[in-house]
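Side chains are part of it too, since the values below use all heavy atoms of this structure and drop only hydrogens, waters and symmetry mates. If you read the sequence from its start, that first residue is 1, and numbering goes on from there. Computed from a prediction, not measured in an experiment: that's the story for all the values here.
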Amino acid sequence: MARLAWLYVTLSLISLFQEHDIETPYGLLHVVIRGSPKGNRPAILTYHDVGLNHKLCFNTFFNFEDMQEITKHFVVCHVDAPGQQAGASQFPQGYQFPSMDQLAAMLPSVVQHFGFKYVIGIGVGAGAYVLAKFALIFPDLVEGLVLMNIDPNGKGWIDWAATKLSGLTSSLPDTVLSHLFSQEELVSNTELVQSYRQQIGSVVNQYNLQLFWNMYNSRRDLDINRPGTVPNAKTLRCPVMLVVGDNAPAEDGVVSKGLNPPCFPSLFLQQPGKLTEAFKYFLQGMGYMPSASMTRLARSRTASLTSASSVDGSRPRACTHSESSEAMGQINHTMEVSC
């Protein structure tokens, strides 16, 4: 009986997580599917930050209890950037890593392979940049975006030189950690940082990671702006929820674009409940989250939920609200969540 129970659990896990290697115009993509398509609902598609893969970036968040209320309504598609998945073979010498535009152009092959009509993207850092590019180039495939710690600005020559110098004086994992965490978190959350330093150094192939890191640091400005800030501003056509870690390295870049996101701790590991609640409101605003699935805490805050125009004024240091594409696109929908 014990062996039968073990076999049942094993088969259940196999059916829950399915791994695929998808051929694209710019090489193979490793993709993990969790669950099965739910009618005409969009898939949730994730893209991790540089230095991580889908497991390191999203496992904690998607295994959080309240996230199960969301994932039971959607199929989840985790995308690993080329060569970043655990156990990936090292790229040969001279391999040309895809550009950021090419990384975005690989995603339609994933959508088409699984027969998704469109997706709701969740990206962190470099992954957020890729998903924003994807939505700009293929707007009909993207129903909504959650962009965490996105830096929409390319590096100037001073930043480029500083990155090069840092690479000469620091190990690759330490260099990447300065991108993932704020300086305050590097000092105050030493146990968490040490855990990520060890995993970045051992789980992700270092040669492949260096190629991804170099390509991310050579990115160009993401050509988007808040409507009204510049003439003929290019905006995303889908609802967008912006999240940035308070004092995170990406914070200045987001604010410089005239965007006004809420702030959560980097890597959204310390307060997954607050981010999950905001994500539920975001999905509910698009009509994909039934009220019965909202948590008791979320329901108690319904009276303070507003769907009017975006909140203006300077952004406070404390977390106060999350915005939709009224910040980066055309659809008015604003959610308020206390932090």
**Report entry** Pairing residues for D21 by the salt bridge (Lys or Arg N to Asp or Glu O under 4.0 Å) criterion, not counting sequence neighbours
**Finding:** none
Report task. For side-chain hydrogen bond (donor to acceptor under 3.5 Å, both in side chains), just list the numbers for E19 and H30, CA-CA rounded to whole Å, side-chain angles, deciding distance to a tenth of an Å, and then say yes or no. Result -> CA-CA 7 Å; E19 298 193 36; H30 181 259; 2.7 Å; yes
Query raised in the report: From C77 SG over to F116 CZ, what is the distance, rounded to the nearest 0.5 angstrom?
Result: 5.0 Å
Query raised in the report: Can a donor-acceptor pair be found between the side chains of S195 and E191 at a distance below 3.5 Å?
Result: no
Query raised in the report: Is a salt bridge present between D80 and K55, judged by a nitrogen-to-oxygen distance below 4.0 Å?
Result: no
Requested in this report: Say whether, by atom type as modelled, one donor and one acceptor occur between the side chain of Q284 and the main chain of Y281 under 3.5 angstrom.
Outcome: no
Query raised in the report: When you check the gap from the basic side-chain N to the acidic O, do R219 and D151 get nearer than 4.0 Å?
Result: yes
Query raised in the report: For the residue pair I122 and M148, what are the closest heavy atoms and their distance?
Result: CG2-CE, 3.5 Å
Query raised in the report: Hey, what do you get for CD1 (I44) to NE2 (H73), rounding to the nearest 0.5 Å?
Result: 10.0 Å
Query raised in the report: Is there a side-chain contact between Y47 and V124 (heavy atoms, below 4.5 Å)?
Result: no
Requested in this report: Would you please test V204 and L52 for side chain to side chain contact (heavy atoms under 4.5 Å, CB included) and show each step?
Outcome: CA-CA 7 Å; V204 183; L52 308 175; 5.9 Å; no
Requested in this report: Taking the side chain as every heavy atom from C-beta outward, state whether M215 and P98 have any atom pair closer than 4.5 Å.
Outcome: no
Query raised in the report: Between atom CZ of F134 and atom CG of D101, what is the distance when rounded to the nearest 0.5 Å?
Result: 13.5 Å
Query raised in the report: So which pairs with a foot in residues 103-119 pass salt bridge (charged side-chain N to carboxylate O under 4.0 Å, His left out), sequence neighbours left out?
Result: none
Query raised in the report: Roughly how far, to the nearest 0.5 Å, is the OG1 atom of T175 from the CG atom of L180?
Result: 11.0 Å
Report task. Would you indicate whether the side-chain heavy atoms of C238 and V142 approach each other to under 4.5 Å? Result -> yes
Query - M106 to Y26 - nearest heavy-atom pair and separation - result: CE-O, 3.7 Å
Query - Verify same cluster id: L28, Y95 (apolar side-chain graph, 4.5 Å) - result: no
Report task. Report yes or no: do N53 and H78 form a side-chain donor-acceptor pair below 3.5 Å? Result -> no
Requested in this report: Determine whether N149 and V243 make a side-chain contact, defined as any pair of heavy atoms from C-beta on separated by less than 4.5 Å.
Outcome: no
Report summary line: Partner of F97 under side-chain contact (heavy atoms from CB on, under 4.5 Å), picked from N208, L211, N214, is L211
Requested in this report: Please report the shortest heavy-atom distance between Q85 and A81, naming the atom on each side.
Outcome: OE1-O, 4.0 Å
Report task. Answer yes or no: is there a side-chain heavy-atom contact under 4.5 Å between W213 and V176? Result -> yes
Report summary line: Nearest heavy-atom approach of F62 to Q68 is O-NE2, 2.8 Å
Query raised in the report: Taking the side chain as C-beta and beyond, is there a heavy-atom pair between Y288 and P42 under 4.5 Å?
Result: yes
Query raised in the report: Mind checking whether Y207 and F91 have ring centres under 6.0 Å apart?
Result: no
**Report entry** Residue pair S109 / E23: nearest heavy atoms and the distance that separates them
**Finding:** CB-O, 3.7 Å
Report summary line: Note: Q206 and I200 closest approach over all heavy atoms is NE2-O, 2.7 Å
Query raised in the report: Just wondering, do D66 and E277 contact through their side chains at under 4.5 Å, heavy atoms?
Result: no
Query - Heavy-atom side-chain contact between H20 and I33 under 4.5 Å - result: yes
